[in-house]
Amino acid sequence: MTRATLDKQPHEVAAMFDRTARRYDLVNDVISLGQHRLWRRATAAAVDAGPGELVLDLAAGTGTSTDAFTGLGARAIACDFSLGMLRTGVRKRGGSGLSGGGVRGVTFVAGDALKLPFPDDTFDAVTISFGLRNVNDTAGALGEMLRVTRPGGRLVVCEFSRPVFGPFDLVYTEYLMRLLPVVTRVVSSNPDSYEYLAESIRAWPGQAELARLVAAAGWGRVAWRNLSMGIVALHRAVKPGDVRQAGSI
């Protein structure tokens, strides 16, 4: 098995990303035409982490997304259940293994989004980019994120969504289902995983439906905005009991 199926069994998803890890960041650059860098910057701006704050970056993979938070002076934990991804991230930073002490400002922790290895009310902000779609219990993951966030803490979800312009949606669907698998066979270390990527994006709920799921999990002040004409959406929310305003995204 080199790719997961849409029932998203955790062991299959983890194994798929283990095999994808070696060239993961390169492939992201190629298949998004560099857009993923803009999406990452928008996510960091929405999280708005400040000095002294603690951020949990879930589904962090190699930790590339996590660097944006430490660059703003926050402390950050990169959490993923793919050991292959985490080890790749540690090696890229010159480390030799997963380290509780951190590697170049980022602490790498193996963990499942459905059973996070952190106490209640720990983080000032929790974020997940392009990973919520890969969890087989969306509501359960959103509930776990709520549990580990302090009252008033923020949630930011960056995830593929629905293009808002009909004709472009048709072009985008053709790219996902036809061209994407062809491109990734050239550059990816596990091209079959990108067939799953295309299928999982098409099966994922749109902006308004995901916002309802976030609110149903107990988050307040839920809002979203589209990036790249709705290819990606940023959803933001606050844990009730807040002392910091959600602001705009």
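Along the sequence shown, the residues carry numbers beginning at 1.
- Shown here for Ala76 and Leu54, the closest heavy-atom pair between the two residues is N-CD1, 4.5 Å.
- The two residues Ala217 and Gly143 have their closest heavy-atom pair at CB-N, 4.2 Å.
- Atom CG of Leu132 is separated from atom CE of Met145 by 5.0 Å, given to the nearest 0.5 angstrom.
- Rounded to the nearest 0.5 angstrom, Asp121 CG and Arg150 CZ are separated by 9.5 Å.
- Side chain of Thr127 to main chain of Val156: a donor-acceptor pair is present (N/O by atom type, distance under 3.5 Å, no hydrogens or angles).
- Counting all heavy atoms, side chain and backbone alike, Cys79 lies closest to Ala110 at SG-C, 4.4 Å.
- Residues Thr43 and Arg40 have side chains not in contact (no heavy-atom distance under 4.5 Å, counting atoms from C-beta outward).
- Here the side chains of Leu116 and Leu56 are in contact, with some heavy-atom distance below 4.5 Å.
- A distance-only check finds a donor-acceptor pair linking the side chain of Lys239 to the backbone of Leu146 [under 3.5 Å].
- In this structure, Phe160 CZ and Ser129 OG are separated by 10.0 Å, a value rounded to the nearest 0.5 Å.
- When side chains are defined from C-beta on, Phe81 does not count as touching Asn134, because their heavy atoms never get closer than 4.5 Å.
- We find the CD-CZ distance between Glu53 and Phe123 to be 12.5 Å, quoted to the nearest 0.5 Å.
- Scanning for side chain to side chain donor-acceptor pair (under 3.5 Å) contacts around Arg147 gives Asp120, Glu144, with sequence neighbours left out.
- Here the shortest heavy-atom pairing between Ala78 and Val106 reads CB-CG1, 3.7 Å.
- With hydrophobic clusters built from ILVMFWY side chains whose heavy atoms lie under 4.5 angstrom apart, Val148 shares a cluster with Leu213.
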Please lay out, stage by stage, how Asp124 and Arg154 fare under the test salt bridge (charged side-chain N to carboxylate O under 4.0 Å, His left out).
CA-CA 7 Å; Asp124 296 288; Arg154 293 97 68 200; 5.4 Å; no

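- Evaluation of the side chain to side chain donor-acceptor pair (under 3.5 Å) rule for Thr66 yields Asp57 as partners, not counting sequence neighbours.
- Distance check: Ile128 CD1 to Glu159 CD gives 7.5 Å after rounding to the nearest 0.5 Å.
- No side-chain heavy atom of Trp219 sits under 4.5 Å from any side-chain heavy atom of Val238.
- Follow the hydrophobic side-chain contacts under 4.5 Å out from Val126 and you never reach Leu72; the two are in separate clusters.
- Heavy-atom minimum distance, Ala49 versus Ala74: CB-CB, 3.7 Å.
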Go through the steps for Leu155 and Thr149 under the test side chain to side chain contact (heavy atoms under 4.5 Å, CB included), then give the verdict.
CA-CA 8 Å; Leu155 169 72; Thr149 303; 6.0 Å; no

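- Ring planes of Trp39 and Phe130: tilted class, angle from 30 to 60°.
- Using a distance-only test at 3.5 Å, with no hydrogens or angles considered, no donor-acceptor pair links the side chain of Arg87 to the main chain of Ser82.
- Distance alone, capped at 3.5 Å, places no donor-acceptor pair between the Gln207 side chain and the Ser161 backbone.
- The minimum heavy-atom distance linking Phe118 with Val109 is given by the pair CZ-CG1, 4.1 Å.
- For Phe69, the ring pair (Phe, Tyr, Trp, His ring centres under 6.0 Å) criterion is met by no residue, not counting sequence neighbours.
- Side-chain contact between Leu227 and Leu234 is present, with heavy atoms from C-beta onward closer than 4.5 Å.
- The distance from the CZ atom of Arg162 to the CG atom of Leu210 is 11.0 Å, given to the nearest 0.5 Å.
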